[in-house]
Trainee: 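Take this structure first; my questions come after.
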Amino acid sequence: MLKRESSISNQILDELFETVEVIGIERTIKTLQEAKMSSLLKQDVNIEFILNAVSELTAVPKQKILYGNDRSDDKKIAVAVCVFLIKNEFEYSYSELKKIFNKDQSALCRYYEIIQSVSKKPKTEFEKKIDSVLKQMQLLLTEKKINNAQQI
């Protein structure tokens, strides 16, 4: 009898099932998500810059921005600012943003709209906080662009 070589997809599935058995489904999913995000961040340092800066300004950990499920105002602001800036500054599509934030397109649109709906003169504390974080991020991005231009 000839020994059948298993296909790559079968090898991947076998490895995945073994991993789930050893570390559990939740940790397997989290590990896969982190690996995917790590790969995306290596491709684009701008995403990493925005995530780190927004995380620092809002005191929301980067992991919470990417994978958190809580509905706090600080997390909403952090995700909304990240989505808005990555989409506007670096022209990412919603399908590309889905890979980064692990959210469907309608959720990403809602986050984007949070920023769009802030009036020129913010009235509520929520809007004032968004406005403050957004202005600080725009300053940081301008500094980054100037520094990059000087290095060339």
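Worth saying up front: this structure is predicted, and the values here are computed from it rather than measured.
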Trainee: Within the structure provided, determine whether Leu66 and Asn102 are in side-chain contact (heavy-atom separation under 4.5 Å).
Mentor: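 The answer is no, as the side chains (C-beta and beyond) never meet within the 4.5 Å cut-off.
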Trainee: Salt bridge or not for Lys87 and Glu96, using N-O below 4.0 Å?
Mentor: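 Looking at Lys87 and Glu96, the cut-off is not met.
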Trainee: Under the side-chain contact (heavy atoms from CB on, under 4.5 Å) criterion, do Asp131 and Lys135 qualify, and how do the steps go?
Mentor: CA-CA 6 Å; Asp131 189 55; Lys135 284 179 179 173; 3.1 Å; yes
Trainee: Can a side-chain donor-acceptor contact be found between Thr142 and Gln138 if the only test is distance below 3.5 angstrom?
Mentor: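 Distance-only check fails for Gln138 and Thr142.
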Trainee: What is the distance from atom CD1 of Ile86 to atom CG of Leu51, rounded to the nearest 0.5 Å?
Mentor: 5.0 Å
Trainee: Identify the heavy atoms of Val60 and Ser55 that sit nearest to each other, and give their distance.
Mentor: O-OG, 2.6 Å
Trainee: Give the ring-plane orientation class for Tyr112 versus Phe84, where under 30° counts as parallel, over 60° as perpendicular and anything between as tilted.
Mentor: tilted
Trainee: Among residues at least two apart in sequence or on other chains, which ones pass side-chain hydrogen bond (donor to acceptor under 3.5 Å, both in side chains) with Lys75?
Mentor: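 So Lys75 forms no side-chain hydrogen bond (donor to acceptor under 3.5 Å, both in side chains) with any residue.
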Trainee: How close do Lys103 and Lys98 get, counting heavy atoms only, and between which atoms?
Mentor: O-CG, 3.2 Å
Trainee: Apply side-chain contact (heavy atoms from CB on, under 4.5 Å) to Cys109 and Gln105, showing your working.
Mentor: CA-CA 6 Å; Cys109 287; Gln105 186 167 333; 4.2 Å; yes
Trainee: Under a 3.5 Å threshold, yes or no: a donor from one side chain and an acceptor from the other, between Asp104 and Ser106?
Mentor: yes
Trainee: Does the side chain of Ile115 come within less than 4.5 Å of Asn88's, by heavy atoms?
Mentor: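 No; the side chains remain at least 4.5 Å from each other.
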Trainee: Measure the spacing between OG1 of Thr31 and CD1 of Ile23 and express it to the nearest 0.5 Å.
Mentor: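 Taking OG1 in Thr31 and CD1 in Ile23, the distance rounds to 4.0 Å.
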Trainee: List the atom of Val118, the atom of Ile130, and the distance in Å for their closest heavy-atom pair.
Mentor: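 Closest approach of Val118 to Ile130, heavy atoms only: CG2-CG2, 3.8 Å.
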Trainee: Distance check, rounded to the nearest 0.5 Å: Gln136 atom CD versus Glu56 atom CD?
Mentor: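 With rounding to 0.5 Å, CD (Gln136) is 10.0 Å from CD (Glu56).
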Trainee: Among the clusters formed by ILVMFWY side chains lying less than 4.5 Å apart, do Leu108 and Phe90 turn up in the same one?
Mentor: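 Hydrophobic grouping puts Leu108 with Phe90.
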Trainee: For Lys64, does the NZ atom sit with more than 12 other heavy atoms under 6.0 Å from it, leaving out its own atoms?
Mentor: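 Count not over threshold, so no.
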Trainee: To the nearest 0.5 Å, how far apart are CD in Glu15 and CG in Asn10?
Mentor: 13.0 Å
Trainee: Which pairs with one or both residues in residues 108-117 pass salt bridge (Lys or Arg N to Asp or Glu O under 4.0 Å), sequence neighbours excluded?
Mentor: none
Trainee: Flag yes if more than 12 heavy atoms outside Glu91 fall under 6.0 Å of its CD atom; otherwise flag no.
Mentor: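 Result for CD/Glu91: open.
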Trainee: Any side-chain heavy atom of Val81 sitting closer than 4.5 Å to one from Met137?
Mentor: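 Counting from C-beta outward, Val81 and Met137 do come under 4.5 Å.
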Trainee: Atom CG of Asp73 and atom OG1 of Thr58: how far apart are they, to the nearest 0.5 Å?
Mentor: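 Asp73 CG to Thr58 OG1: 12.0 Å, rounded to 0.5 Å.
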Trainee: Do Arg27 and Thr19 make a side-chain contact, defined as non-hydrogen atoms from C-beta onward lying under 4.5 Å apart?
Mentor: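 Sidechains of Thr19 and Arg27: no contact.
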Trainee: A side-chain contact here means heavy atoms from C-beta on lying under 4.5 Å apart; do Ile77 and Phe126 qualify?
Mentor: yes
Trainee: If you draw the axis of the six-membered ring of Phe49, does the NZ or CZ of Lys144 fall within 45° of it and under 6.0 Å from the ring centre?
Mentor: yes
Trainee: Looking at CD of Glu18 and OG1 of Thr28, how far apart are the two atoms once the value is rounded to the nearest 0.5 Å?
Mentor: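 One finds 11.5 Å between CD of Glu18 and OG1 of Thr28.
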Trainee: For a side-chain contact (heavy atoms from CB on, under 4.5 Å) check, start with the C-alpha distance between Glu89 and Asn46, then their side-chain angles and the critical distance, and finish with the verdict.
Mentor: CA-CA 9 Å; Glu89 291 289 325; Asn46 294 319; over 6 Å; no
Trainee: Using side-chain heavy atoms (C-beta onward) and a distance below 4.5 Å, is Ile65 in contact with Phe101?
Mentor: yes
